[in-house]
Amino acid sequence: MTQTTGRGQKIFGLLIAAWLALFAGAASAQAYPNKPIRIIVPTTPGGGIDIGARLLAEKFKESMGQAVTVENRAGGNSAIGTDAVAKAQADGYTLLFASNAHVVLPLIAPKLPYDTNKDFIPVGSMAYLPYVLLVNSQLPVNSVKEFVAYAKARPGKLSFASAGVGAGSHMAGEVFKAMTGVQMLHVPFKGGAPALVELAGGRVDALWSTWNAAMALIKAGKIKALAVTSEKRYEGQPDVQTFAEAGMPDYQERAWLGLFAPAGTPGPIVDKLNAEIAKVLQSPAIKEGFEAQGLLPLQTTRQQFADLLKRETATLAPIVKAENIRME
């Protein structure tokens with residue numbers, strides 16, 4: 001009788017503890033935020049990730065009534081800033097704004113000081129930058145189909161540039177190779193700008209880039225755009241097909257931007273942040289800001305964002321292993 005009673009008291013105590021934890025989480029969410037929020041960007045100022053974070057911070061400040069600052073902590077191919085958030089207090093006041101590198105880096109640099117899957121909660125995505133497949137103007141191809149045929153007729157002879165090992169432009173090319181069966185040499189550069197210069201100079205054959213970075217060279221006729229990974233054609237280049245129109249509907253490589261919180265952040269706070277992102281994306285000012293930067297909105301629930309990360313990992317992991325891709 002005493003043993004049964006003791007067990008019952010233990011169970012009751014656990015239930016009370018769980019209820020109190022739930023109540024505390026809900027209460028903290030109701031009070032959240034009551035002090036400044038810091039969004040860490042693990043890259044240098046001025047890039048697409050930084051611009052997206054600052055657009056988000058500005059609207060968060062308006063809607064949540066608290067100061068929201070953006071802090072750039074570049075280094076280690078985004079590992080330094082990411083690690084700072086992984087080790088921050090899980091209270092919703094230190095957040096990470098990241099891109100595809102959050103998924104790619106653990107695949108190519110396994111000895112990181114944090115665990116991407118265990119140390120973070122995906123809050124939600126905000127936007128994406130579509131990639132456009134570019135070729136130098138001397139290459140005698142004008143469509144994806146022609147490019148694939150041309151490359152297959154010259155296995156290993158063509159090259160594609162990227163902004164660096166593991167960069168989105170690199171992985172977009174590797175996924176394209178895996179899906180089409182073409183063999184091309186990867187030539188990494190230190191950033192997208194020098195890669196574009198080499199493409200325009202005819203020293204490499206192809207490059208996956210963003211519209212904004214490449215538009216001037218496209219209009220000057222120094223490079224050709226074959227297809228874009230957005231769902232619709234780009235208004236500034238309506239003659240360029242989408243990959244779906246080019247016969248590759250499953251090729252959807254893009255540079256997404258999203259928000260993460262440290263593991264352990266109360267669920268109600270994460271839910272509130274996700275709802276705030278959805279609210280932000282309805283703002284005309286955000287839409288204008290996106291258009292100016294070539295960004296497209298990508299609103300997801302917490303689960304949809306988590307599923308996106310899992311799908312991307314499942315796609316890239318076997319490619320990284322097969323190509324033996326490692327961070328320099």
Side-chain angles (χ1 to χ4, degrees), residues 37-64 67-75 77-78 80-82 84-85 92 94-105 120-132 163 167-169 171-172 191-193 208-215 228-231 234 236 252-261 270 273-302 304-306 308-309 312:
I37 297 170
R38 179 178 58 154
I39 298 177
I40 291 181
V41 174
T43 61
T44 55
I49 304 173
D50 180 60
I51 291 169
R54 293 180 188 279
L55 288 170
L56 182 66
E58 183 180 346
K59 288 302 170 184
F60 267 14
K61 179 181 178 181
E62 293 177 8
S63 63
M64 294 198 283
V68 183
T69 60
V70 173
E71 180 180 330
N72 296 89
R73 286 203 189 182
N77 286 317
S78 79
I80 291 176
T82 304
V85 178
T94 301
L95 305 169
L96 174 71
F97 196 76
S99 69
N100 306 57
H102 193 71
V103 169
V104 176
L105 193 58
F120 296 93
I121 297 175
V123 175
S125 62
M126 178 184 172
Y128 76 93
L129 280 160
Y131 286 121
V132 56
S169 51
M171 302 315 297
W208 277 260
S209 178
T210 59
W211 277 117
N212 281 23
M215 190 56 69
V228 63
T229 61
S230 54
E231 295 178 0
Y234 181 61
Q252 300 176 357
E253 294 304 296
R254 53 187 64 175
W256 50 258
L257 307 177
L259 194 67
F260 297 82
V270 180
L273 286 167
N274 181 272
E276 289 294 330
I277 293 174
K279 190 188 301 182
V280 163
L281 291 178
Q282 301 307 312
S283 164
I286 284 291
K287 293 177 181 178
E288 290 177 10
F290 276 10
E291 185 176 346
Q293 300 300 326
L295 291 164
L296 295 173
L298 182 62
Q299 181 184 338
T300 58
T301 64
R302 291 175 55 184
Q304 287 170 336
F305 190 32
L308 183 156
L309 303 177
E312 192 155 312

Between [X] (side chain only) and [Y] (backbone N and O only), is there a donor and an acceptor less than 3.5 Å apart?
X	Y	value
S99	A255	no
S169	A163	yes
T300	S125	yes

Side-chain polar contacts of residues 288-295 - donor-acceptor pairs under 3.5 angstrom, sequence neighbours left out - could you list them?
none

Review point. Can a salt bridge be assigned to the pair E58 and K61 using a cut-off of 4.0 Å between side-chain N and carboxylate O?
Key: no
Can you check whether [X] reaches [Y] side chain to side chain, under 4.5 Å on heavy atoms?
X	Y	value
Y234	L296	no
I277	F60	yes
M126	L259	no
L257	L56	no
E62	V68	no

Closest heavy-atom contact between [X] and [Y]?
X	Y	value
L95	A261	CD2-CB, 3.9 Å
K59	V280	CB-CG2, 3.5 Å
L281	P297	CD2-CB, 4.4 Å
A53	V70	O-CG2, 3.8 Å
G92	I37	O-CG2, 4.1 Å
G46	I51	O-CD1, 3.5 Å

Working to the nearest 0.5 Å, report the span between [atom1] of [X] and [atom2] of [Y].
X	Y	atom1	atom2	value
T210	L129	OG1	CG	6.0 Å
L273	I121	CG	CD1	10.0 Å
N100	Y128	CG	OH	12.5 Å
R73	L96	CZ	CG	11.5 Å

Exercise for review: Determine whether the side chains of T94 and R38 contain a donor N or O and an acceptor N or O closer than 3.5 Å.
Suggested key: yes
Practice item. Could you list all the salt bridge (charged side-chain N to carboxylate O under 4.0 Å, His left out) pairs where at least one residue sits in residues 45-55, not counting sequence neighbours? Key: D50-R54
Practice item. Decide yes or no on side-chain contact (heavy atoms from CB on, under 4.5 Å) for H102 and W256, but give the supporting numbers first. Key: CA-CA 10 Å; H102 193 71; W256 50 258; 4.3 Å; yes
**Study point:** Plane angle bin for F260 and F305 - parallel if under 30°, tilted between 30 and 60°, otherwise perpendicular
**Key:** tilted
Check your understanding: Around atom CD of E71, are there more than 12 heavy atoms of other residues, nucleotides or ligands at under 6.0 Å?
Key -> yes
Practice item. Just grab all the side-chain hydrogen bond (donor to acceptor under 3.5 Å, both in side chains) pairs involving residues 277-287, residues at least two apart or on different chains. Key: E276-K279
